[in-house]
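Residue numbers begin at 1 in each chain, while the letters A, B, ... track the order of the sequences.
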Amino acid sequence: MQSQFTKPKLLRTINNVLASSTPNPRAPEQNCLALLQACNALPKLTQIHTHILKLGLHNNPLVLTKFASISSLIHATDYAASFLFSAEADTRLYDAFLFNTLIRAYAQTGHSKDKALALYGIMLHDAILPNKFTYPFVLKACAGLEVLNLGQTVHGSVVKFGFDCDIHVQNTMVHMYSCCAGGINSARKVFDEMPKSDSVTWSAMIGGYARVGRSTEAVALFREMQMAEVCPDEITMVSMLSACTDLGALELGKWIEAYIERHEIHKPVEVSNALIDMFAKCGDISKALKLFRAMNEKTIVSWTSVIVGMAMHGRGQEATCLFEEMTSSGVAPDDVAFIGLLSACSHSGLVERGREYFGSMMKKYKLVPKIEHYGCMVDMYCRTGLVKEALEFVRNMPIEPNPVILRTLVSACRGHGEFKLGEKITKLLMKHEPLHESNYVLLSNIYAKTLSWEKKTKIREVMEVKGMKKVPGSTMIEIDNEIYEFVAGDKSHKQHKEIYEMVDEMGREMKKSGYRPSTSEVLLDINEEDKEDSLNRHSEKLAIAFGLLRTPPGTPIRIVKNLRVCSDCHSASKFISKIYDREIIMRDRNRFHHFKSGQCSCGDFW
DNA sequence: TTAGGGTTAG
């Protein structure tokens, strides 16, 4: 459109026709189409709109379709829709192509996907038969809105109208189901029943598994894809890299990188971004930085990925430098970049800088802070022990604090002896979210800390009655391209005997070096000896023991914990890194810990 | 004259 508009001849045409009081009566339709072709801005569109009405073409499907398509190109879909679906319009005269044009426009824009579905509803109401192009748009809208029920209804129509053998429609169906909460198994069912599949089909399913955190299945499916001799493309690679990132599987990630090179797979910016994110979150931040520096074209996503990576590795200072470099290079930060930046300040205890950046969001960059940004600030105050400031900040927030923020406050209260206040906030939370298990866990932990065992037991009983369970802590380790997962007290592994012997040996050696188990962190009403035993069976220690057994001396041990690392395992890892001369790289829910020669990169601040 | 899968945070 841009190039057409700059053509002076077309400009003259549009102005001449609009100025003329007697448009060519023999070809009003062509006249309008030519006008629309040359249109690239809303003021012109409104003039053409008047023109269409003047010529009595408001029921001409050809003109209306062109009107809709041009409108969507210049982001004026709402304007077109209000004209096309005004009270006077006879929408029964419209065809599928006309509807598709608007549905596509709405399905592709961020906040208007519901309008795409509304139009599909009108289409069915007016008995206008959808065609094979309608469904990919409609399903995309369902995927974006994550409306499983509606998606299932649409699935029914697809079957009813006989479009269920079209591979494009089926692929979007897999995508739609995999985007909706609780829909992943339906996605797999559609996937399994497809008579033919291509790289899009496999990427949609692999991406779906990666999205819901069933990354082991994503990896398994990629192996099946190779067996089925379907060639993966760059999009499959991005999905696979997401899965590696989720699993913390550095070796597999490196293999994917090599695969891309070996098969000369096209490397658009999204692939590089996914690689940066993978290396950063799998523990190799220097490689992530190296890739980032080598990129010719950097997008806001590239910058944000590397900033977040730095933050996770406790290099907050460097994260802020990268942010400064980004803005000087002319890339404007968005709200996601600010979440990365603020969490970098939070993770590195840069309170003053965090405050300054938060202030600059509105003043300098005209961005309105969202609840997540307020959350970062509360997190920052709480981590640094500034509980009073955190409470003051929440009181002065222009928006209501969400449960995430309240839970951050409660944790801080527990950590800094403000038990009464913590209890008060938690009870408030439980009123609002009676089925959210972490509220109960928080309260139960406060009772454990204040040695109120009776109250704690009662909470646990309530949880049991309501059928809630605490998410079990687990630690993963990747050895020889296999991923092993341990939970506390795990005996499911073939080598569990050797692992427990190793754990005992580790305990003896650590005690010789001055390690004292932090039994105060064990929130159970048991004696000291049992507490020690319970600490030794933590998933982190089991994974480290397994790593010591199965990897060559002197090589680093990389482990991934699903929750925040416990303080005893944190302290034990320091001792182990020194005693066994091993670097231990641990990713927990929030960040990385690099243990080396008895020290941790986080400086005990996490 | 219209179609499908992908990257950053939470």
Side-chain angles (χ1 to χ4, degrees), chain A residues 33 61-62 65-66 68-69 72 95-105 107-108 130-140 143 163 166-176 178-179 187 191 194 197-208 210-211 225 230 232-243 245 266-278 280-281 288 292 295 298-309 311-312 326 333-344 346 370-376 379 402-405 408 589-590:
Chain A
L33 294 177
L62 198 66
T65 306
K66 192 74 188 174
S69 111
S72 66
D95 59 5
F97 185 56
L98 175 50
F99 273 94
N100 289 355
T101 309
L102 285 172
I103 292 176
R104 176 182 55 177
Q108 282 169 350
N131 64 18
K132 63 174 178 176
F133 299 109
T134 314
Y135 284 107
F137 302 140
V138 172
L139 289 167
K140 211 174 181 174
F163 296 122
D166 185 305
I167 193 163
H168 292 100
V169 176
Q170 287 173 333
N171 285 342
T172 327
M173 195 74 73
V174 171
H175 177 239
M176 180 277 291
S178 78
C179 283
F191 175 88
M194 280 173 70
S197 61
D198 59 13
S199 68
V200 179
T201 322
W202 290 84
S203 302
M205 198 62 233
I206 291 172
R211 206 176 304 117
M225 180 182 184
V230 179
D233 60 16
E234 68 272 18
I235 297 182
T236 325
M237 294 296 119
V238 171
S239 296
M240 279 303 293
L241 287 168
S242 287
T245 308
H266 177 54
K267 261 172 79 174
V269 68
E270 290 86 349
V271 171
S272 305
N273 291 345
L275 278 167
I276 290 173
D277 187 46
M278 183 276 292
K281 289 189 187 145
F292 173 78
M295 278 173 88
K298 297 182 184 82
T299 63
I300 184 79
V301 178
S302 332
W303 287 96
T304 309
S305 303
V306 78
I307 288 171
V308 169
M312 283 188 81
M326 175 184 88
D334 61 4
D335 51 342
V336 180
F338 262 102
I339 292 171
L341 177 68
L342 294 175
S343 71
S346 170
K370 291 184 180 170
I371 192 77
E372 291 90 344
H373 300 101
Y374 288 101
C376 286
D379 188 57
N402 62 8
V404 179
I405 290 181
T408 308
R589 199 188 172 87
N590 295 324

Can you tell me the distance, in whole Å, between the [atom1] atom of [X] and the [atom2] atom of [N]?
X: D277(A); N: dT8(B); atom1: CG; atom2: P; answer: 5 Å
X: N131(A); N: dT1(B); atom1: CG; atom2: P; answer: 15 Å
X: H266(A); N: dT7(B); atom1: NE2; atom2: P; answer: 16 Å
X: K267(A); N: dT7(B); atom1: NZ; atom2: P; answer: 18 Å
X: M240(A); N: dG5(B); atom1: CE; atom2: P; answer: 20 Å
X: M194(A); N: dG5(B); atom1: CE; atom2: C1'; answer: 11 Å
X: F99(A); N: dA3(B); atom1: CZ; atom2: P; answer: 18 Å
X: L342(A); N: dG10(B); atom1: CG; atom2: P; answer: 11 Å

Just by modelled atom types, is the E234(A) backbone N or O under 3.5 Å from a matching donor or acceptor in the H266(A) side chain?
->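 No, because the side chain of H266(A) does not come within donor-acceptor range (under 3.5 Å) of the backbone of E234(A).
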Examine the side chains of S302(A) and S305(A) and answer whether a donor and an acceptor come within less than 3.5 Å of each other.
->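 No.
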Side chains of S197(A) and W202(A), donor plus acceptor under 3.5 Å | yes
Just call it for [X]: base, sugar-phosphate, or nothing, with non-hydrogen atoms closer than 4.0 Å on any strand.
X: K66(A); result: nothing
X: Q170(A); result: nothing
X: S305(A); result: sugar-phosphate
X: V336(A); result: base
X: S199(A); result: base
X: I307(A); result: nothing
X: S302(A); result: nothing
X: D166(A); result: base

If you check every side-chain atom of [X], which of [options] has the closest atom?
X: S203(A); options: dT2(B), dG5(B), dA3(B); answer: dG5(B)
X: S239(A); options: dA9(B), dT8(B), dG6(B); answer: dG6(B)
X: V301(A); options: dT8(B), dA3(B), dG6(B); answer: dT8(B)
X: A204(A); options: dG5(B), dT2(B), dG10(B); answer: dG5(B)
X: I235(A); options: dG6(B), dG10(B), dT2(B); answer: dG6(B)

What pairs with K281(A) under salt bridge (charged side-chain N to carboxylate O under 4.0 Å, His left out), at least two apart in sequence or on another chain?
-> D277(A)
Does the ring of F97(A) lie flat against the base of dT1(B), closer than 5.5 Å centre to centre with planes under 30°?
->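 F97(A) vs dT1(B): stacking yes.
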Test item: R211(A) and S239(A) side chains (from C-beta on) under 4.5 Å apart, heavy atoms =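 A side-chain contact under 4.5 Å is absent here.
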Does OP1 or OP2 of [N] have a side-chain N or O of [X] closer than 4.0 Å?
X: K281(A); N: dA9(B); result: yes
X: H373(A); N: dG10(B); result: no
X: R211(A); N: dG5(B); result: no

What about D233(A): does its side chain form a donor-acceptor pair under 3.5 Å with the base of dG5(B)?
->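 Indeed there is one.
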For F338(A), what residues pass the ring pair (Phe, Tyr, Trp, His ring centres under 6.0 Å) criterion, not counting sequence neighbours?
-> F323(A), Y365(A)
